[in-house]
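Scroll down for the structure; my scribbles are underneath it.
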2 protein chains.
Amino acid sequence: MEKVKRTLGRSYGQFCGLARALDVVGDRWNLLIVRELLPGPMRFNELMTSLGGIATNLLTERLRTLEAEGIVERRLGEAGVRYALTPWGAGLREPIEAFVRWSAPLMMTGRDGGSFQPRWLAVALPALLREVTADPALEIGFEVEGALMVLHVDEDGPRVEVEPDRRPDTILKAAPEIILGLAADALTIDQALAAGHLRGDIQILRSILPPGRATAATTPDPR
Amino acid sequence: MEKVKRTLGRSYGQFCGLARALDVVGDRWNLLIVRELLPGPMRFNELMTSLGGIATNLLTERLRTLEAEGIVERRLGEAGVRYALTPWGAGLREPIEAFVRWSAPLMMTGRDGGSFQPRWLAVALPALLREVTADPALEIGFEVEGALMVLHVDEDGPRVEVEPDRRPDTILKAAPEIILGLAADALTIDQALAAGHLRGDIQILRSILPPGRATAATTPDPR
DNA sequence: CTGCATCCATTTTGATACTG
DNA sequence: CAGTATCAAAATGGATGCAG
């Protein structure tokens, strides 16, 4: 029989923008699903493995809810179903980027066994480098955990492309925590080089990163 | 036997800024508690009534967790315990304001029986009026649901003061949905006046609000 | 393979009653 | 005022099953 049920997560019942936003995307996993889709559409199983640990029924239910809310849309292509953000759903980039900036101190405690997906950097780097511009435009390749991505910087700001069509001239190899430390200005280029965690031509890097404070060794943990 | 300590909300276990932020403030009620505290410190019972419906044990547990994370601090004054944001906790204003802007379409569907607290406007108005500046500075009083607050706008942008020390010269009376509609540019001043939902000297209002598009009657619901 | 649906043990939440 | 204690209901996390 049909399920009439439909509490779709409890509503806070408040006439407040934050509360209404959380009514829609506040349930567990929802914002992480949006984060996954920000760099581009994905299939169900890609979401499963990238999110790591979400149960199949939950992912199904979340995608259905997000679709009903107008945040995610199903695209039926020749290769099967792909999930993509609607324009309104892509607007969640702003609060997500704000969270990424706010949480920078939490990242400086190190990776600590957490899982990692290169595409997360495609979200984090523009968030952390928000005010960086370059004219003429430049691009830097990053090879992280075997995946290649390209950071484009022009007068409008930074943008990251995953799985680029062509390889950029400059490619840096580094661990994710090094890239993040540099972008969050919690680590200097010299420190990264000295530790042997950064390889490649770093001249372009110097041009876009702030001079870098030598405070990286101090505890950035706010607690 | 002693409680061995529980898992303090399940961690996503991801090396990602968004995931780590949600590990810390992603649990139900947490961001709403931060929203309450953004305009200023509050006591336990004030939080209870303003949040409307949170169980006492949950509020206790959330405040403890937020305190342990360094987001909230207990202040023991002569009048008892008050809860306040730490500087790092106050940094959540950015993602919260981004959510408020993103959710504007959800607010245009009307109040719909939701609860409302005037202090929520102290968060929403600066979020929606972010890019508005004024030189020389100006101030407008708002009387909403019996509470008075003052919107200050100067060259740095907007800021709202709740329970101001002195009454401003100009005071507007309006329902919350009208104020929000105007600030979100989904409603024109003329529409609000024509509907009789706005009373007071609106000359200053015109100076800070954009001309206003006449599209307010069209459905703003993104779904 | 992909995209789910069902079952079930464990957690988390919400509502209420009660206390220093 | 500022919480504790208790308990039923709901959400979550895994495992497994299954059709196209």
Side-chain angles (χ1 to χ4, degrees), chain A residues 1-14 19 22-33 36-37 41-68 72-84 115, chain B residues 2-14 19 22-33 36-37 41-67 72-84 115:
Chain A
M1 296 305 132
E2 56 179 355
K3 296 290 186 55
V4 185
K5 87 128 178 269
R6 181 107 270 257
T7 45
L8 61 118
R10 277 179 142 62
S11 167
Y12 287 111
Q14 299 181 357
L22 294 176
D23 281 344
V24 166
V25 294
D27 278 355
R28 197 167 163 76
W29 295 110
N30 272 341
L31 279 180
L32 297 189
I33 291 170
E36 294 295 331
L37 297 180
M42 293 176 80
R43 16 187 84 249
F44 190 91
N45 279 8
E46 289 175 320
L47 284 167
M48 284 285 298
T49 61
S50 193
L51 287 168
I54 188 174
T56 56
N57 54 352
L58 268 193
L59 181 54
T60 298
E61 195 257 328
R62 294 298 194 263
L63 286 171
R64 293 258 153 81
T65 303
L66 290 172
E67 189 186 359
V72 158
E73 63 183 16
R74 283 169 66 104
R75 289 186 189 167
L76 195 44
E78 76 292 335
V81 179
R82 292 166 74 91
Y83 296 90
S115 63
Chain B
E2 57 177 354
K3 297 292 186 55
V4 182
K5 186 56 193 305
R6 65 297 150 53
T7 50
L8 59 116
R10 275 183 149 59
S11 168
Y12 288 111
Q14 299 181 357
L22 293 176
D23 281 344
V24 165
V25 293
D27 279 355
R28 198 168 164 74
W29 296 109
N30 272 340
L31 280 180
L32 296 189
I33 291 170
E36 295 294 332
L37 297 179
M42 292 176 81
R43 12 186 99 252
F44 189 91
N45 281 7
E46 290 175 321
L47 284 168
M48 284 285 299
T49 62
S50 193
L51 286 169
I54 187 174
T56 54
N57 54 353
L58 266 194
L59 180 55
T60 297
E61 197 257 328
R62 293 298 194 263
L63 286 171
R64 296 259 151 83
T65 304
L66 290 171
E67 190 187 357
V72 159
E73 62 183 16
R74 282 170 66 104
R75 289 185 188 167
L76 194 45
E78 77 291 335
V81 179
R82 292 167 77 91
Y83 295 90
S115 63

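Remember, it's a predicted structure, so these values are computed and weren't measured experimentally. Labels below follow one simple rule: chain letters A, B, ... track the order of the sequence lines, proteins then strands, and each chain is numbered from 1.
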CG of B:Asp27 to CD1 of B:Ile33: how many Å apart, nearest 0.5 Å? 10.0 Å
Angle by which the axis turns from one end of the helix from C:dC1-D:dG20 to C:dG20-D:dC1 to the other, five pairs per end, to 10 degrees: 30°
Take A:Glu46 and B:Arg62, find for each the nucleotide of DNA chain C with the closest heavy atom, and name the residue whose nucleotide sits nearer the 5' end. A:Glu46
Listed pairs, N/O of protein and of nucleotides 14-20 of chain C, under 3.5 Å:
residue	atom	partner	partner atom	Å
C:dG14	OP1	B:Arg28	NE	2.6
C:dG14	OP1	B:Arg28	NH2	3.2
C:dG14	OP2	B:Trp29	NE1	2.7
C:dA15	N6	B:Asn57	ND2	2.9

With a 3.5 Å cut-off and sequence neighbours excluded, list the donor-acceptor pairs that the side chains of residues 42-52 of chain A form with protein atoms.
residue	atom	partner	partner atom	Å
A:Arg43	NH1	A:Ala79	O	3.2
A:Arg43	NH2	A:Ala79	O	2.5
A:Glu46	OE1	A:Arg43	N	2.8
A:Thr49	OG1	A:Asn45	O	3.4
A:Thr49	OG1	A:Glu46	O	3.2
A:Ser50	OG	A:Glu36	OE1	2.7
A:Ser50	OG	A:Glu36	OE2	3.4

In terms of heavy-atom contacts, A:Arg82 and A:Pro41 come closest through NH2-O, 3.6 Å
I need the minimum non-hydrogen distance between B:Asn30 and B:Val25, along with the two atoms involved. CB-O, 3.3 Å
Any side-chain N or O of A:Tyr83 under 4.0 Å from OP1/OP2 of C:dC4? yes
In this structure, how many angstroms lie between the P atom of C:dT2 and the CG atom of A:Leu59, rounded? 13 Å
Just so I know, are the side chains of A:Leu58 and A:Arg28 near enough to count as touching, which here means a heavy-atom distance under 4.5 Å? no
Spacing between B:Asp27 atom CG and C:dT11 atom P, to the nearest angstrom: 15 Å
When the distance from CD of B:Glu78 to C1' of D:dC1 is rounded to whole Å, what number comes out? 14 Å
Atom-pair distance (CD on B:Glu61; C1' on D:dT6), nearest Å: 16 Å
Expressed in angstrom and rounded to an integer, what is the separation of A:Arg43 atom CZ from C:dT2 atom P? 7 Å
A:Glu73: which residues meet the salt bridge (charged side-chain N to carboxylate O under 4.0 Å, His left out) condition with it, sequence neighbours left out? A:Arg75
Whole angstrom is fine here: how far is it from CG in A:Asp23 over to P in D:dA11? 13 Å
Would you mind classifying the nucleic acid contact of B:Arg64 as base, sugar-phosphate or nothing, using non-hydrogen atoms under 4.0 angstrom? sugar-phosphate
Classify the nucleic acid contact of A:Arg74 as base, sugar-phosphate or nothing, counting any heavy atom under 4.0 Å across all strands shown. sugar-phosphate
Rounded to whole Å, CG of B:Asn30 lies from P of C:dT12 at a distance of 13 Å
Rounding to a whole Å, what distance do you find between A:Met48:CE and D:dG14:C1'? 10 Å
Pairwise distance CG(A:Leu59) to OG1(A:Thr56) - rounded to 0.5 angstrom: 8.0 Å
State, to 0.1 Å, how close A:Asp23 and A:Gly13 come at their nearest heavy-atom pair, and which atoms those are. OD2-N, 4.3 Å
Sorted by chain and number, sequence neighbours left out, ring-ring contact (aromatic ring centres under 6.0 Å, His included) with A:Tyr12 holds for B:Trp29
